[in-house]
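Heads up, the thing below is written out as structure tokens.
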Amino acid sequence: METEYKILIQTQNACVSQCHCCTQLQVQYKNVMICFEWKDLIGFLQRLDELPPNELYYIINIIDLRCYPAVNLGVSASAMCLTFSEVEEFRAILSRACLKMDLEMIFRKSIHNN
């Protein structure tokens with residue numbers, strides 16, 4: 001059975017969509033696709049907020065599985081390389097998606113079980 005997603009935010013460079021049955025989010029930014037659980041997205045946003053504001057570009061570590069030998073994906077680490085303006089755009093898109101999810105949970109008066 002294929003999982004269906006509803007689009008939360010869509011721009012020229014990005015699309016953020018949420019699974020209909022849970023809090024999983026698909027984040028597509030330019031040529032990168034990342035899936036997050038809602039709570040993990042909040043943590044990722046906090047990491048973006050901690051980046052120094054005056055750098056020309058950033059290498060943002062997404063996953064580092066070198067400490068988990070039981071996980072066998074064939075990739076030990078993954079990162080994104082973004083310019084300052086791309087980080088700002090990426091952060092704004094993710095923040096808007098979080099706000100939209102928050103509003104939907106408030107107006108539905110429910111929070112997902114997971």
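Just so it is clear, the model here is predicted, and its values are computed rather than measured.
A donor-acceptor pair under 3.5 Å is absent between the side-chain atoms of Lys6 and the main chain of Gln18, judged by distance alone. Side chain of Arg91 to main chain of Leu45: no donor-acceptor pair is present (N/O by atom type, distance under 3.5 Å, no hydrogens or angles).
Hydrophobic clustering (side-chain heavy atoms under 4.5 Å, transitive across Ile, Leu, Val, Met, Phe, Trp, Tyr) groups Ile42 together with Met80. Linking Ile, Leu, Val, Met, Phe, Trp and Tyr residues whenever their side-chain heavy atoms come within less than 4.5 Å places Val32 and Phe36 in a single cluster.
Counting heavy atoms from C-beta on, the side chains of Met101 and Trp38 come closer than 4.5 Å. Put simply, the side chain of Cys35 does not reach to within 4.5 Å of the side chain of Leu25, judged on heavy atoms.
For Lys30, the salt bridge (charged side-chain N to carboxylate O under 4.0 Å, His left out) test picks out Glu86, with sequence neighbours left out. Partners of Asn31 under the side-chain hydrogen bond (donor to acceptor under 3.5 Å, both in side chains) rule, at least two apart in sequence or in another chain, do not exist in this structure. Under the side-chain contact (heavy atoms from CB on, under 4.5 Å) criterion, Gln28 pairs with Cys15, Met33, sequence neighbours left out.
Separation of atoms OH (Tyr29) and CG (Leu82) is listed at 6.0 Å; rounding is to 0.5 Å. The line from CG of Leu41 to CD of Gln24 is 11.5 Å long, rounded to the nearest 0.5 Å. With rounding to the nearest 0.5 Å, the separation of CZ in Arg96 from CG in Leu94 is 10.5 Å. Interatomic distance, CD of Glu89 versus OG1 of Thr83, reported as 8.5 Å (0.5 Å rounding). To the nearest 0.5 angstrom, Asp40 atom CG is 12.0 Å from Ile34 atom CD1.
The aromatic rings of Phe90 and Phe44 stand perpendicular to each other, their planes meeting at an angle above 60°, with 30° marking the opposite boundary.
Residue Val16 forms a side chain to side chain contact (heavy atoms under 4.5 Å, CB included) with just one option from Thr11, Ile7, Val27, and that option is Val27.
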